[in-house]
Structure formats: structure tokens, C-alpha cells
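Every number for a ligand or one of its atoms is a count from 1 in the order of the listing. The figures here come from the full heavy-atom set of this structure, side chains too, leaving out hydrogens, waters and symmetry mates.
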Amino acid sequence: MTTDNTIFDLIEKERNRQLHGLELIASENFVSSQVMAAAGSVLTNKYAEGLPGKRYYGGCEVVDQIEQTTIDRVKELFGAAWANVQPHSGAQANAAVMLGVLNPGDTILGFDLSHGGHLTHGSSVNYSGKLYRPTFYGVERETGQINYDHIQIIAQKEKPKLIICGASAYSRDIDFARFRQIADSVNALLMADISHPSGLIAKELLNNPIPHCHIVTSTTHKTLRGPRGGIILMGKDFENPMGQKTPKGDLKMMSAVLDGAVFPGTQGGPLEHIIAAKGVAFGEALSNNFKTYGMQVIKNASAMANAFMNYGYHIVSGGTSNHCMLIDLRSKGISGKEAENILVKADITVNKNMVPFDDKSPFTTSGIRVGTAALTTRGLKEKDMEHIVSLINEVLINRTQESAIISVKKQVNSMMEELPLFTW
Ligand SMILES: *Cc1c(COP(=O)(O)O)cnc(C)c1O
């Protein structure tokens with residue numbers, strides 16, 4: 001067989017891009033070589049529709065053990081009573097939950113996309129906003145934070161069947177117990193989507209939704225540092241604190257509903273190579289090293305937020321309690337799109353993002369979102385965050401001067417040269 005140089009040369013290019021640039025995209029991370037090895041393994045050849053021990057294909061003895069190990073590890077990691085590790089992505093996990101617990105036309109209440117929520121929480125361009133009746137809560141203009149009393153009022157008015165808590169660009173912790181009170185008061189199901197902070201939640205560095213939320217979904221590739229994929233979890237306290245059964249019955253019944261909503265409801269065969277890679281990543285996340293990593297992610301984010309504020313940048317909500325922050329660039333007279341495009345010329349990768357009460361379009365935006373999960377995996381510390389913010393500021397201030405941008409790019413490349421990745 002001849003080597004496919006076209007594709008492999010491009011993969012090599014991408015590998016170099018990842019090696020030499022500063023990765024500040026809050027939803028990205030770098031997996032270990034073991035996670036990559038599992039994801040690129042012979043398991044990609046296997047069909048295994050169904051669940052361990054209950055498959056529609058022969059030859060599943062080995063993948064059954066792999067998937068069961070992955071399930072056991074993720075339950076231990078989050079203190080969950082039930083898990084499904086088959087969703088191909090975070091969006092697929094959310095689609096399965098909604099298919100399982102809702103009927104078309106039912107009302108859902110989610111975090112507004114333009115305030116930091118996710119497309120799958122009811123956006124009009126997404127299935128969640130087309131199949132269901134979406135309603136939203138957002139952050140307060142003055143504080144940049146959610147106001148639970150306000151969410152209670154919206155819930156009472158809209159009577160949602162499902163409330164979704166969790167976001168893609170919210171830098172504060174979430175009070176899941178308070179959300180549960182709101183859900184119980186209107187007899188709604190409560191789902192937490194912890195796609196972004198799940199790695200930090202796993203190490204008890206942020207509130208854990210498992211004791212409070214009926215259902216929890218997450219991606220596995222953000223702070224959790226696994227392969228691209230999704231998971232669905234439930235805790236044992238599926239019944240509410242008043243002893244009342246939820247609108248959907250008990251845990252056993254609900255787990256059958258959700259398993260069926262993943263397959264055959266929204267997916268076909270599971271990706272056993274990715275499930276194995278999730279298993280490896282969950283094993284890594286169970287270790288003490290991962291707690292040290294998570295603590296450093298948070299310390300780095302605080303240091304970065306402080307550095308930005310020292311340069312006069314406005315951080316939505318006034319800082320961060322997790323791995324990410326949303327920077328409102330309106331006071332600096334530059335759009336999110338412009339900032340993203342200029343920074344990438346210096347090998348600094350960020351993403352443009354709407355800020356709450358944005359007056360620009362989702363394509364232009366007034367802000368950028370940054371996070372420290374990937375940089376922390378590269379081994380960078382608080383002092384480096386201050387340096388990085390000074391480089392970002394230099395690029396944004398001198399955005400019309402090619403030479404200034406090139407000089408920053410050189411500094412970025414030499415900083416990253418010292419921090420090897422993908423060592424086998
Ligand atoms: C990233 C994210 C998702 C979607 O994950 P994909 O794997 O990209 O489908 C869903 N919900 C939230 C809150 C996210 O941040």
C-alpha cells in the first residue's frame with residue numbers, strides 16, 4: 001500500500017500548528033499519547049450496536065469489557081449511579097436526552113446563546129429550537145452573572161418541561177441546588193450540561209451537579225481532556241427531595257429511556273475506539289495528578305483575568321472562577337472577529353464570541369472567549385499567563401503594524417518550542 005501523502009502531510013502541518021502556537025480556545029485541550037493511541041486503534045473496525053452484554057452483533061466480548069470499564073470509571077469520577085458513554089459528541093448527548101424526555105413542541109428553558117449558552121440549549125438554528133419551544137434566561141446587565149430569582153420568575157411564567165443549566169462561555173460556578181428548587185417548583189426536569197467545566201467538577205474544584213440534577217451531560221474533550229465525544233450521567237437521587245417521583249419515574253426506568261434515546265433513538269453503532277479513549281482519559285482523570293492539573297487551570301485563569309483587567313480590558317462578570325473568561329472588547333474599539341483574525345497572525349488562537357447585550361452580529365461579535373485548559377496541559381503557569389496577556393495586548397494595540405505582529409509571533413514560537421507535546 002502506498003502512503004497517502006496528501007492527508008498525512010496535512011496532518012503533519014496541523015501537528016506543527018498545534019506545537020508552535022498558543023492555544024487559548026476555551027473548549028480545546030491536548031490529549032495524552034495513550035488517549036490518541038486508543039482513538040487510533042483497531043477498535044475502529046468493530047460494530048457493537050447495543051450495550052455491553054446486550055449487543056446486536058457478534059464478536060463483542062472484548063469491546064464489552066472496554067465499554068464496561070469506561071462506564072465504571074466515569075461513574076466513579078463523578079459519583080454517578082448510571083452512565084451512557086456512547087454519545088458521539090456533546091450535541092449528540094443533548095439530542096438524546098431531549099428525544100428521551102420531551103415531546104415535540106414541549107417547552108424548554110435554557111441559557112441564552114448570546115449570553116454564553118450553547119446552540120443545543122434552544123437556539124433557533126438548532127434542532128433544540130426547531131423541535132421544541134425554546135425559552136431563555138440570561139445574565140444581568142450590571143453583574144454579568146445569572147440571577148436565580150429572575151430564573152425562578154421566568155420558569156413560573158413559561159412552565160418548561162425541561163430546564164437546562166450549564167453554558168459554553170460563563171466564567172462563574174453554578175448553584176445546582178438552587179436550580180433544583182426552581183425545577184421542583186414548576187415540576188420540571190433539570191439537566192446540567194457540564195461540557196466545559198467537567199474536568200474541574202470531577203476533581204471537586206467546582207460544584208457537582210450529580211446530587212441535584214436529574215440528568216447530566218458533558219463532552220469529554222474540553223477540561224476533561226479526553227477524545228472528542230459525549231457522555232450522559234444520572235445520580236441515584238433521581239427522585240426529588242420531597243420523595244415525589246419525577247414526571248418520568250425512577251432511575252431504572254429513566255436509564256432505559258436514555259439508553260434507548262442514544263441507540264436506536266439518535267445514533268447507530270457506537271465508536272468503540274473513542275469509548276476506549278474515553279476510558280483511558282477517565283483513568284487519567286481519576287489520578288491525583290489530574291487534581292493538580294485542574295487546580296493549575298483555575299490558578300492560570302485567575303492570573304490571566306487579572307492581567308487582562310490590569311491592561312484595562314473588561315471581563316464579563318468581573319473575573320473567573322473556572323477555566324475561561326469572556327472579554328468584552330467594546331471599550332478597546334475592536335470587534336471579536338478582528339481580534340481573532342489579528343491574533344492568529346501571531347500564532348495566538350482565540351475565538352470571537354458574543355458578549356451579553358451585544359450590539360454586533362454573531363459573525364462579528366464584540367468579544368473573545370479564552371481559556372487556560374490547553375495552555376496548562378502544555379505546562380504553563382501564572383507568570384506565563386501575565387506574559388501571554390502582554391503579548392495579546394501588544395498585538396491588539398499595534399494591529400496595523402506588521403513588524404510588531406511578527407515580533408510577537410517569534411516570541412510565541414520560541415516560548416512553545418520549550419514545551420514539547422505528543423512525546424511517545
Ligand atoms: C461544547 C459544548 C457542547 C457541544 O459539544 P460538541 O461535542 O461540540 O457537540 C454542548 N454543550 C455545551 C455547553 C458545550 O460547551
Side-chain angles (χ1 to χ4, degrees), residues 23-29 31 35 39 74 78 84-99 108-123 125-129 132 134 136-139 146 162-174 176 179 190-202 206-207 209 213 215-233 261-262 266-267 270-271 274-275 277-278 281 297 301 316 320 322-326 350-354 362 368-374:
E23 186 50 75
L24 279 123
I25 294 179
S27 48
E28 294 193 10
N29 212 329
V31 300
V35 169
V74 79
F78 290 96
N84 186 304
V85 297
Q86 294 189 354
H88 301 331
S89 70
Q92 288 290 110
N94 289 346
V97 171
M98 289 187 210
L99 180 83
I108 59 175
L109 174 60
F111 199 145
D112 194 326
L113 177 64
S114 67
H115 285 211
H118 191 260
L119 283 168
T120 55
H121 299 179
S123 160
V125 295
N126 182 260
Y127 74 88
S128 58
Y132 310 108
F136 300 99
Y137 57 88
V139 300
I146 49 178
L162 177 72
I163 298 177
I164 305 164
C165 50
S168 292
Y170 187 62
S171 57
R172 297 299 176 181
D173 204 357
I174 289 174
F176 298 109
F179 257 111
L190 179 62
M191 177 180 108
D193 177 350
I194 57 169
S195 286
H196 260 266
S198 52
L200 307 174
I201 290 170
L206 294 171
N207 294 331
C213 298
I215 304 165
V216 176
T217 60
S218 182
T219 60
T220 48
H221 48 272
K222 298 179 182 175
T223 54
L224 199 45
R225 209 163 67 180
R228 311 197 74 73
I231 47 174
I232 309 175
L233 309 169
V262 174
T266 50
Q267 293 188 173
L271 312 175
I274 299 302
I275 289 172
K278 288 173 184 172
V297 166
V316 175
T320 179
N322 56 26
H323 64 295
C324 71
M325 67 210 73
L326 197 48
V350 305
N351 66 277
K352 65 182 177 201
N353 213 101
M354 298 273 276
I368 52 173
R369 183 189 65 165
V370 298
T372 53

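- Contact atoms of ligand 1 toward Ala167: 13 (C) (distance under 4.0 Å to a heavy atom of the residue).
- Looking from atom 9 (O) of ligand 1 to the surrounding protein, the closest heavy atom is Ala91 N, 2.8 Å.
- Nearest to atom 13 (C) of ligand 1 among the protein's heavy atoms is Asp193 OD2, 3.3 Å.
- A donor and an acceptor atom, one from each side chain of Ser168 and Arg369, are nowhere located under 3.5 Å apart.
- A distance of 15.5 Å separates OH of Tyr132 from CG of Leu109, quoted to the nearest 0.5 Å.
- For ligand 1, one of its N or O atoms has an N or O atom of Ser168 under 3.5 Å away.
- With hydrogens and angles left out, the side-chain atoms of Asn322 and Ser171 include no donor and acceptor closer than 3.5 Å.
- Closest protein heavy atom to atom 8 (O) of ligand 1: His221 NE2, 4.5 Å.
- Of the listed options His118, Lys222, His88, His118 places a heavy atom closest to atom 10 (C) of ligand 1.
- Using a 4.5 Å heavy-atom threshold, the side chains of Val297 and Leu200 count as touching.
- Residues meeting the side-chain contact (heavy atoms from CB on, under 4.5 Å) test with Ser218, sequence neighbours left out: Ile194, Ser198, Ile231.
- Of all the atoms in ligand 1, the ones that sit under 4.0 Å from a non-hydrogen atom of His196 are 15 (O).
- Looking only at protein heavy atoms, the nearest one to atom 5 (O) of ligand 1 is Thr219 CG2, 3.2 Å.
- The contact set between ligand 1 and Ser195, taken as ligand atoms under 4.0 Å from a residue heavy atom, comprises 2 (C), 3 (C), 10 (C), 11 (N), 12 (C), 13 (C), 14 (C), 15 (O).
- Using a 4.5 Å heavy-atom cutoff, the side chains of Gln86 and Ile275 are in contact.
- No N or O atom of Gly166 sits closer than 3.5 Å to an N or O atom of ligand 1.
- You'll find the ring centres of Phe111 and Tyr170 inside the 6.0 Å limit.
- Comparing Gly90, Ser27, Gly229, Gly230 against atom 7 (O) of ligand 1, the shortest heavy-atom distance belongs to Gly90.
- For Glu28, the side-chain contact (heavy atoms from CB on, under 4.5 Å) partners are Glu23, Ile25, not counting sequence neighbours.
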